Protein chains: 2
Amino acid sequence: MTENIEVMLTEKNINPTAMRLLVLDFLLKQSSAISLTDLEKGLDPSDRITLYRALKKFEEKGLVHSIDDGSGATKYALCENNCEAGHHHDLHVHFFCNTCRETSCLPKHHIPQIPLPDGFKSEEVNLIVKGVCNKCVH
Amino acid sequence: MTENIEVMLTEKNINPTAMRLLVLDFLLKQSSAISLTDLEKGLDPSDRITLYRALKKFEEKGLVHSIDDGSGATKYALCENNCEAGHHHDLHVHFFCNTCRETSCLPKHHIPQIPLPDGFKSEEVNLIVKGVCNKCVH
DNA sequence: ACAGGAAGCGCAATGGTATTGCAAACTAGT
DNA sequence: ACTAGTTTGCAATACCATTGCGCTTCCTGT
Ligand SMILES: [Mn+2]
Ligand SMILES: [Mn+2]
Ligand SMILES: [Zn+2]
Ligand SMILES: [Zn+2]
């Protein structure tokens with residue numbers, strides 16, 4: 001099991017340090033995207049900055065992607081495999097639940113083509129839908 | 001002219017104080033959305049907190065809307081008229097230029113319907129396109 | 001005109017997040 | 001075991017957002 005996690009790191013050219021194994025293990029257990037603070041609280045006595053740099057490294061190497069859901073804190077979630085270092089390919093919709101305040105990836109829901117006025121060139125799109133998630137609907 | 005600005009405020013049930021007149025005047029002169037810091041620098045010797053509360057009041061009353069463009073600082077822009085207190089109706093696309101770092105409203109470009117998985121209910125959508133704006137394309 | 005009271009303003013203070021510098025600890029290759 | 005490069009922990013910094021509070025200003029009823 002730890003070996004499995006280690007392979008995931010080495011495949012992305014990330015040195016599998018003890019801290020990074022813990023971080024990836026924690027990420028794998030999540031059902032929604034987490035913030036740095038979530039991670040810090042989840043991995044008890046751990047330095048926030050080290051965790052911050054672990055996430056940054058993961059993102060840089062295409063293992064996780066960051067999500068700006070408007071909550072003020074950047075969220076992180078594992079990529080869908082096809083991402084490479086410095087090049088993310090998982091441009092999907094993200095959902096923020098106003099009830100449980102969890103942010104989820106909707107990898108099946110690609111972002112539609114957005115028409116723009118003449119002279120505007122799109123390079124990146126951030127689409128975040130807010131509402132009530134499937135767990136909070138009653 | 002000042003009378004005109006004053007009317008805009010009173011129509012939205014906002015007390016037209018000296019500070020608020022200045023803020024609205026400044027907003028009317030902008031061609032793109034501005035941050036609180038932009039406003040503070042634009043209106044020379046003025047208290048940041050007072051400006052902050054002016055913008056909050058304007059937003060609450062449906063005169064401006066706030067934009068989270070991922071830059072870290074909330075941007076503000078005038079609404080398209082049909083907005084009411086506590087109820088904004090200008091759900092349009094926003095564009096962030098990676099070159100000039102200006103954020104623009106694209107009021108002609110409504111946000112398309114985003115399909116969601118079963119059980120998810122959409123209440124709000126934030127769509128921000130990043131790229132190169134018409135002024136920066138060469 | 002006067003007394004209250006509400007609204008607005010300026011300043012201080014707080015809390016949260018992101019980011020960098022630096023020295024100590026650690027790893028890997030020789 | 002030694003050295004070079006990487007990783008870590010802690011301090012420090014920089015913003016941004018938000019609230020508390022006393023003072024001023026403006027409005028209103030008497
Ligand atoms: Mn995602
Ligand atoms: Mn807008
Ligand atoms: Zn939920
Ligand atoms: Zn531009």
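Reminder, nothing fancy here: chain letters follow the sequence lines and each chain counts from 1. Just so it is clear, the structure is predicted and the values come from calculations on it, not from any experiment.
Between I14(A) atom CD1 and dT27(C) atom P the separation is 18 Å, expressed in whole Å. Between the NZ atom of K75(A) and the P atom of dT17(C) there is a distance of 10 Å, given to the nearest Å. The interatomic distance linking Y52(B) (OH) with dC11(C) (P) rounds to 18 Å, in whole Å. Across the protein-nucleic acid pair, R48(A) atom CZ and dT20(C) atom P stand 15 Å apart, rounded to whole Å. We find that CE of M19(A) is positioned 12 Å from P of dT27(C), with the value rounded to whole Å. We find that CG of L55(A) is positioned 12 Å from P of dT19(C), with the value rounded to whole Å. In this structure, CG of L39(B) is placed 13 Å from P of dC9(C), rounded to the nearest angstrom.
Comment: E40(B) engages R48(B) in a salt bridge, judged by a side-chain N to carboxylate O separation of less than 4.0 angstrom. The pair E84(A)-K61(A) fails the salt-bridge criterion, with no side-chain N (NZ, NE, NH1 or NH2) lying under 4.0 Å from an Asp/Glu carboxylate O.
Protein chain A touches strand DNA chain D; the 5'-most and 3'-most nucleotides with an atom under 4.0 angstrom of its non-hydrogen atoms are dT6(D) to dA11(D).
Checking dT20(C), dC9(C), dT17(C) against the side-chain heavy atoms of I49(A) singles out dT20(C) as nearest.
With a 4.5 Å cut-off on side-chain heavy atoms, R53(B) and I49(B) count as touching. You'll find the side chain of K121(B) reaches within 4.5 Å of the side chain of E123(B), heavy atoms only. Here the side chains of P117(A) and L106(B) are in contact, with some heavy-atom distance below 4.5 Å. At least one side-chain heavy atom of L55(B) sits under 4.5 Å from a side-chain heavy atom of V23(B).
For the OP1/OP2 pair of dG8(C) and a distance below 4.0 Å, the side-chain nitrogens and oxygens of N15(B) include at least one atom meeting the criterion.
Positionally, the nearest nucleotide of DNA chain C for T37(A) lies more toward the 5' end than for the other of R53(A) and T37(A). Toward the 5' end of DNA chain C, the nearer of the two residues D47(B) and K56(A), judged by each one's closest nucleotide, is D47(B).
Heavy atoms of S35(A) sit nowhere under 4.0 angstrom from any nucleic acid atom. Residue contacts for T50(A): at a heavy-atom cut-off of 4.0 Å it reaches a base atom on one of the strands shown.
Ring-centre distance between H94(A) and H109(A): not below the 6.0 Å cut-off.
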